[in-house]
Structure formats: C-alpha cells, structure tokens
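Working notes for the structure below.
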Amino acid sequence: LHGDNRVMGLAVAEADTVFQSAEILSIFLRKECRGNGHGKHLLETVEQRLVDLNITSLEGKFTRLGGEPHAIEKLLASCRWSAPKLRMRLFDLSTATILQSKWVSNFTVLPESYEISPWSTVRPSEILELRGQSWIPKDLHPEEHIYAGNDGAETLLPLCFVCRFNGDIIGWHFTHKIDETQVRFSVSYIHPEFQRDMLLIGLWYHAAVTTDRHGFERIRMGVNTTHAKMLEFCEQFMMPHATRVDDSMGVTKIIGKGAEDLWV
C-alpha cells in the first residue's frame, strides 16, 4: 500500500490455486497510517486479488499475548471475517518453576514396570514397530519429530525421552531448541491405556531436569485444541505455574464464488 510517495503498509498471502484456498501470512500498517481506513483498504485489496485467482476460502492466524485481544481483530471484524477461535494454547514457564512445583515430587518415582530413559536408547527396530500403530495420532508420531521440529527447529536429543512398560514403548517426549535460553516441549504422548498413571509428568520431570542441566532457563509448550484431553491436563497442571499463557487464534472467510455458493 502506497501513499504520499511512501510505503504505508504491506500484506502477504500464500495461495493454493489447486485447493482454491489461501492464508494471510502477515499484514502491517505504519502506526501513523492507522485509524484512517487504510488497513481495511489494504486487506480488501488483497482479498480481491485472491478472488481474481479463483480463491474461495481464506484463513489467518494471530496470537493473543497473555490472552489479551489483538489489534488485528477489529480490522478482521470490519472486513467480515469469522469470529476468532482458539487453535492452540501456549504456556511459558521457567525451568526452575517446574522443578520446584509440589506436584512434580509426587511423580519422580514411577510405578513398577515403568521406565523412562533417554530417546537415544531406542533401537531402529522399535521405531519400525511403532509404524502403523493405531493408538498413535499421526501428528504425534515419533518419526515426525526425531530429526527436527515442525518449524525446522533443532532437536535436542539429550532432552528427549522414551517411556516403556515391561520393555515396550508406550510414550515419548521431544524437546526442540528455540534459542540459547529457551526450549520448546514439542511433543509428549502416552498410550491412552496408560495415561491414568500420570506418566506425562514423569516425562516432563526428566526433561526439565536435563533442560536445567544444559543451561536453558525457560520452557515453552503449545497444545492444540484438537488434543482436548492434553489441553485440559496442561491447563490443570501447567497454567497455575506459567509466567504467561498466550492463545493462538484462527479466523476464516469465504470469498468470491465460495461466498456466492453459501446463498445457493
């Protein structure tokens, strides 16, 4: 968006013409240019450009820091986007807080027949056995996270663990690096038949101890709403100790022929 011979704002979208969908990746307007309708004009211009490409559905994401409404929400509402829906809850914690939490001490000793050990102890044959197991959600399968995070973040193998019951793998935890002071507890999962024994906390305890040993001061953890039980678990045990809880929100809009079809 240009005005007065200068750039006033920028919007970036990624379109998939095969599936006729697009995602608004970023929208920015200079502070001195806000409040005069320029943002709405910019977003509507992008939408029209996507209509010209036969795009029919749009989506966007933004984060409510500390749960507070984002400035973009008024703009989206003015352009008739959907009401924001929670996608993922993001917990920010200090490593020391986790280790000092009273409930952690109750789960440092596992029930009989359970064992938590470094992921490096897992044999290639064990990974092969996990393929096709119906109890493992596709997005939580170990092979999706062993080599790097979903965003390409480095896997910190010494901070990754496996949980076994009578020698069989029933769960795992993967940690990825954010920067020199922070890590992300990316994936933690326990076989549904064993979740009642609170083994997740045991995995997190081992991961937190090693995180502290390696000098990382903070831990980030995000839970998608598609994993309702996990989200409820983290809200109960992690939220009270979190320095901050952010909400990743999602919005959608039907445009072009898609919008016309809604009235057919």
- line: Closest non-hydrogen atoms of Ile190 and Cys163, given as atom of the first, atom of the second and distance, are CD1-CB, 4.2 Å
- prompt: Would you say Leu203 and Phe216 are hydrophobically clustered, going by side-chain heavy atoms of ILVMFWY under 4.5 Å?
  reply: yes
message: Using only atom types and a distance under 3.5 Å, with no angle test, would you say the side chain of Asp246 pairs donor to acceptor with the backbone of Gly66?
response: yes
field: Which residues share a side chain to side chain donor-acceptor pair (under 3.5 Å) with Ser82, sequence neighbours left out
entry: Thr252
- request: Would you please name every residue forming a ring pair (Phe, Tyr, Trp, His ring centres under 6.0 Å) with Trp81, sequence neighbours left out?
  value: none
message: Any side-chain to backbone donor/acceptor pair from Lys253 onto Cys79? Under 3.5 Å, distance only.
response: yes
message: Taking side chain to side chain contact (heavy atoms under 4.5 Å, CB included) as the definition, give me every residue that meets it alongside Ala15, ordered by chain and number, with sequence neighbours left out.
response: Ala22, Leu50, Ile55
message: Considering only residues two or more places apart or on different chains, which pairs with a residue in residues 226-240 satisfy salt bridge (charged side-chain N to carboxylate O under 4.0 Å, His left out)?
response: Arg89-Glu235
message: Please determine whether residues Ile72 and Leu86 belong to a single hydrophobic cluster, defined as Ile, Leu, Val, Met, Phe, Trp and Tyr linked transitively by side-chain heavy-atom distances below 4.5 Å.
response: yes
query: Any donor-acceptor pair under 3.5 Å linking the side chain of Ser186 with the backbone of Gly149?
result: no
message: Taking Val51 as the starting point, is it possible to reach Leu76 by hopping between hydrophobic residues whose side chains are less than 4.5 Å apart?
response: yes
task: Heavy atoms only: give me the nearest Val46-Ala13 pair and the separation to one decimal.
output: CG1-CB, 4.2 Å
message: Donor-acceptor check, side chain of Thr121 to backbone of Ser117, threshold 3.5 angstrom: yes or no?
response: no
field: Which residues share a side chain to side chain donor-acceptor pair (under 3.5 Å) with Arg220, sequence neighbours left out
entry: none
field: From Leu159 atom CG to Asp212 atom CG, the distance as rounded to the nearest 0.5 Å
entry: 10.0 Å
- request: List for me each residue that meets ring pair (Phe, Tyr, Trp, His ring centres under 6.0 Å) alongside Phe237, sequence neighbours excluded, and say none if there are none.
  value: Trp103, Phe233
Nearest-0.5 Å distance, NZ of residue Lys74 to NZ of residue Lys40: 14.5 Å
task: Scan residues 8-28 for pairs that pass salt bridge (charged side-chain N to carboxylate O under 4.0 Å, His left out), counting only residues two or more places apart or in two chains.
output: Glu23-Lys61
- prompt: Distance from His41 atom NE2 to Leu29 atom CG, nearest 0.5 Å?
  reply: 11.0 Å
task: Identify whether Val162 and Ile170 are in the same connected component of the hydrophobic contact network (ILVMFWY, side-chain heavy atoms under 4.5 Å).
output: no
- line: Interatomic distance, CD1@Ile255 vs CD@Glu47, rounded to 0.5 Å, equals 6.0 Å
- request: Using modelled atom types only, decide if a donor and an acceptor are shared between the side chain of Asp179 and the backbone of Thr181 within a distance under 3.5 Å.
  value: yes
- request: Please determine which of Met238, Arg64, Met239 meets the side-chain contact (heavy atoms from CB on, under 4.5 Å) test together with Val245.
  value: Met239
message: Using the rule given for ring pair (Phe, Tyr, Trp, His ring centres under 6.0 Å), can you reason through Phe62 versus His70, listing the C-alpha separation, both sets of side-chain angles and the distance that settles it, and then say yes or no?
response: CA-CA 8 Å; Phe62 61 88; His70 194 288; 5.6 Å; yes
query: With hydrophobic residues grouped by side-chain heavy-atom distances under 4.5 Å, do Phe185 and Val223 end up in a single group?
result: yes
- request: Kindly write out the residues that satisfy side chain to side chain donor-acceptor pair (under 3.5 Å) with Asn224, not counting sequence neighbours, or none if the list is empty.
  value: Thr226
message: Taking the side chain as everything from C-beta on, heavy atoms only, tell me whether Pro84 gets closer than 4.5 Å to Glu73.
response: yes
- prompt: Should Leu75 and Ile27 be marked as a side-chain contact (heavy atoms from CB on, under 4.5 Å) after you check the CA-CA gap, both sets of side-chain angles, and the distance that decides it?
  reply: CA-CA 10 Å; Leu75 171 60; Ile27 184 165; 4.0 Å; yes
message: Ignoring hydrogens and geometry beyond distance, is a side-chain donor-acceptor pair present between His241 and Thr97 at under 3.5 Å?
response: no
- prompt: Considering the options Glu217, Gln100, Arg218, which one meets the side-chain contact (heavy atoms from CB on, under 4.5 Å) requirement together with Ser94?
  reply: Arg218
- prompt: For Thr225 and Leu231, what are the C-alpha separation, side-chain angles and deciding distance, and is it a side-chain contact (heavy atoms from CB on, under 4.5 Å)?
  reply: CA-CA 7 Å; Thr225 54; Leu231 180 57; 4.1 Å; yes
- request: List the steps, then state whether side-chain contact (heavy atoms from CB on, under 4.5 Å) holds for Leu99 with Tyr205.
  value: CA-CA 7 Å; Leu99 294 176; Tyr205 170 73; 4.2 Å; yes
Heavy-atom closest contact (Ala207 atom, Phe161 atom, distance): CA-CE1, 3.6 Å
- prompt: Where does the angle between the aromatic ring planes of Trp172 and Trp135 fall among parallel (under 30°), tilted (30 to 60°) and perpendicular (over 60°)?
  reply: tilted
- prompt: Say you draw a straight line from CD of Glu115 to CG of Leu199; how long is it, rounded to the nearest 0.5 Å?
  reply: 12.5 Å
task: Enumerate the residue pairs fulfilling salt bridge (charged side-chain N to carboxylate O under 4.0 Å, His left out) with a member in residues 155-165, sequence neighbours excluded, ordered by first and then second residue.
output: Glu126-Arg164
- prompt: Looking at residues at least two apart in the chain, or sitting in another chain, which of them share a side chain to side chain contact (heavy atoms under 4.5 Å, CB included) with Pro137?
  reply: Asp139, Leu140, Tyr189, His227
message: Does this structure show an ion pair linking Glu193 with Arg196, if we count only N-O contacts that are shorter than 4.0 Å?
response: no
- request: Grab the two heavy atoms, one from Cys234 and one from Met221, that are nearest each other, plus how far apart they are.
  value: SG-SD, 3.7 Å
statement: Of all heavy-atom pairs linking Ser248 and Arg87, the shortest is OG-NH1, 2.5 Å
task: Give me the one residue out of Val183, Thr210, Ile219, Val209 that meets side-chain contact (heavy atoms from CB on, under 4.5 Å) with Thr95.
output: Ile219
Derivation and outcome, side-chain contact (heavy atoms from CB on, under 4.5 Å), residues Phe174 and Ile146: CA-CA 7 Å; Phe174 288 96; Ile146 293 173; 3.9 Å; yes
query: Are any side-chain N or O atoms of His173 and backbone N or O atoms of Trp119, one a donor and one an acceptor, separated by less than 3.5 Å?
result: no
field: Closest non-hydrogen atom pair between Leu42 and Gly9, with its separation
entry: CD2-C, 4.2 Å
statement: For residues 143-154, the side chain to side chain donor-acceptor pair (under 3.5 Å) pairs (sequence neighbours left out) are Arg131-Glu143, Asp151-Arg184
query: To the nearest 0.5 Å, how far apart are CG in Asp197 and CG in Leu110?
result: 9.5 Å
message: Going by ring pair (Phe, Tyr, Trp, His ring centres under 6.0 Å), name the residues that satisfy it together with Phe194, two or more places apart in sequence or in a different chain.
response: Phe165, His191
